[in-house]
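For reference, positions follow the sequence shown, starting with 1.
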Amino acid sequence: VQLVESGGSRVQAGESLRLSCEAFGSSLEDYAVGWFRQAPGQRREPISCLSTHDGRTYYSDSAKGRFSISIDGAKNSVYLQMDSLKPEDTGVYYCAAELRFSLYVVDYQCGGMSFWGEGTPVTVSS
């Protein structure tokens with residue numbers, strides 16, 4: 001599967017953004033999907049992921065209450081709605097997916113993803 005992100009932008013603190021990730025080459029049915037962030041000079045970290053098997057989700061502490069992950073099967077796309085953005089949310093956001101170990105991804109804080117997009121940058125200014 002190939003993943004293509006879009007929606008990254010430069011916004012002010014407190015504003016909202018919705019990131020999109022469209023999948024090509026395979027249906028996302030039976031995959032686990034997720035979003036990761038890499039801030040400047042830091043490691044890539046999980047933000048949120050979702051299991052298409054049972055709808056279970058994981059959110060990082062920084063994302064809880066502000067971000068929401070969703071999937072649209074008809075559009076074969078995954079979304080990350082980000083509200084009340086803060087400067088520390090700045091970074092490149094990557095979409096990821098996993099098929100073989102999809103049942104376990106949420107239990108392991110979005111670990112084990114095999115497929116990755118190229119990323120979309122988000123900058124939040126104060």
Side-chain angles (χ1 to χ4, degrees):
V1 64
Q2 291 181 312
L3 304 171
V4 179
E5 304 97 333
S6 63
S9 182
R10 185 181 187 94
V11 296
Q12 296 287 321
E15 294 183 342
S16 297
L17 271 179
R18 189 175 85 149
L19 304 182
S20 300
C21 171
E22 187 173 5
F24 298 89
S26 178
S27 168
L28 289 176
E29 185 178 0
D30 294 333
Y31 278 75
V33 293
W35 289 93
F36 293 70
R37 177 177 68 217
Q38 186 165 20
Q42 297 188 22
R43 289 185 174 182
R44 189 161 53 189
E45 61 176 341
I47 299 300
S48 180
C49 54
L50 175 151
S51 169
T52 61
H53 297 283
D54 54 17
R56 288 186 304 133
T57 56
Y58 164 85
Y59 291 95
S60 67
D61 288 342
S62 66
K64 285 176 184 176
R66 298 189 300 127
F67 295 2
S68 178
I69 190 171
S70 61
I71 188 167
D72 185 333
K75 296 182 178 180
N76 212 30
S77 295
V78 183
Y79 305 97
L80 184 68
Q81 176 66 41
M82 304 188 294
D83 298 323
S84 303
L85 282 161
K86 304 175 181 180
E88 51 264 44
D89 295 320
T90 293
V92 179
Y93 283 71
Y94 297 89
C95 177
E98 169 62 25
L99 178 60
R100 184 177 180 187
F101 299 108
S102 60
L103 288 172
Y104 311 105
V105 165
V106 170
D107 295 327
Y108 290 93
Q109 300 180 1
C110 313
M113 298 291 195
S114 296
F115 303 97
W116 295 86
E118 295 293 316
T120 185
V122 173
T123 302
V124 185
S125 55
S126 58

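Summarising the geometry, atom OH belonging to Tyr108 is positioned 12.0 Å from atom CG belonging to Leu103; distances are rounded to the nearest 0.5 Å. From Ile71, atom CD1 reaches atom OG1 of Thr57 across 12.5 Å, with rounding to the nearest 0.5 Å. Atom CD of Glu88 is separated from atom CZ of Arg37 by 8.0 Å, given to the nearest 0.5 angstrom.
A donor-acceptor distance shorter than 3.5 angstrom exists from the side chain of Thr120 to the backbone of Gly8, with no hydrogens or angles considered. Using modelled atom types, no side-chain atom of His53 and backbone atom of Ser102 make a donor-acceptor pair closer than 3.5 Å. The backbone N or O of Cys95 sits less than 3.5 Å from a side-chain atom of Glu5, completing a donor-acceptor pair. Judged purely by atom type and a 3.5 angstrom limit, Glu98 uses its side chain to pair as donor or acceptor with the backbone of Arg100. Between the side chain of Arg66 and the backbone N or O of Ser84 there is at least one donor-acceptor pair closer than 3.5 Å. Between the Thr90 side chain and the Val124 main chain, a donor and an acceptor come within less than 3.5 Å of each other. When atom types are taken as modelled, the side chain of Ser51 and the backbone of Ala32 share no donor-acceptor pair closer than 3.5 angstrom.
Around CD of Glu29, the count of heavy atoms belonging to other residues, nucleotides or ligands within 6.0 Å does not exceed 12. The environment of Glu118 atom CD is sparse: at most 12 non-hydrogen atoms of other residues, nucleotides or ligands sit within 6.0 angstrom. Heavy atoms of other residues, nucleotides or ligands lying less than 6.0 angstrom from CD of Glu15 number more than 12.
Shown here for Gln81 and Arg18, the closest heavy-atom pair between the two residues is OE1-CB, 3.5 Å. Taking every heavy atom of both residues into account, Ala13 and Pro87 meet most closely at CB-CD, 4.1 Å. Closest of all the heavy-atom pairs between Met113 and Val105 is CE-CG1, 3.6 Å. Val106 approaches Arg56 most closely through the heavy-atom pair CG2-O, 3.6 Å. The shortest non-hydrogen separation linking Ser68 to Tyr59 is CA-OH, 3.4 Å. Across every non-hydrogen atom of Leu28 and Ala97, the tightest pair is CD2-CB, 4.5 Å.
No close placement of the Trp35 and Phe67 rings is indicated, their centers lying 6.0 Å or farther apart.
In terms of hydrophobic clustering, with Ile, Leu, Val, Met, Phe, Trp and Tyr side chains grouped at heavy-atom distances under 4.5 Å, Val92 and Leu3 are assigned to different clusters.
Here the side chains of Ser48 and Tyr58 are not in contact, with every heavy-atom distance at 4.5 Å or above. The closest side-chain heavy-atom distance from Cys49 to Val33 is not below 4.5 Å. Put simply, the side chain of Met82 reaches to within 4.5 Å of the side chain of Val122, judged on heavy atoms.
Using modelled atom types, one finds no donor on one side chain facing an acceptor on the other under 3.5 Å when comparing Asp72 with Ser77.
Listed by chain and residue number, Ser125 satisfy the side-chain hydrogen bond (donor to acceptor under 3.5 Å, both in side chains) test with Gln12 (two or more places apart in sequence, or in another chain).
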Item to complete: For side-chain contact (heavy atoms from CB on, under 4.5 Å), just list the numbers for Ser114 and Leu99, CA-CA rounded to whole Å, side-chain angles, deciding distance to a tenth of an Å, and then say yes or no.
Response: CA-CA 8 Å; Ser114 296; Leu99 178 60; over 6 Å; no
Practice prompt. Could you give me the CA-CA distance, side-chain angles and deciding distance for Val11 and Thr123, then say whether side-chain contact (heavy atoms from CB on, under 4.5 Å) is met?
Written response: CA-CA 6 Å; Val11 296; Thr123 302; over 6 Å; no
Worksheet item: Do Phe36 and Ile47 pass the side-chain contact (heavy atoms from CB on, under 4.5 Å) test, and can you show the C-alpha distance, the side-chain angles, and the key distance before you say yes or no?
Response: CA-CA 5 Å; Phe36 293 70; Ile47 299 300; 5.6 Å; no
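By the 4.0 Å N-to-carboxylate-O rule, Asp89 lies too far from Lys86 to be salt-bridged with it.
Residue pairs meeting the ring-ring contact (aromatic ring centres under 6.0 Å, His included) criterion with at least one member in residues 72-101: none, sequence neighbours excluded.
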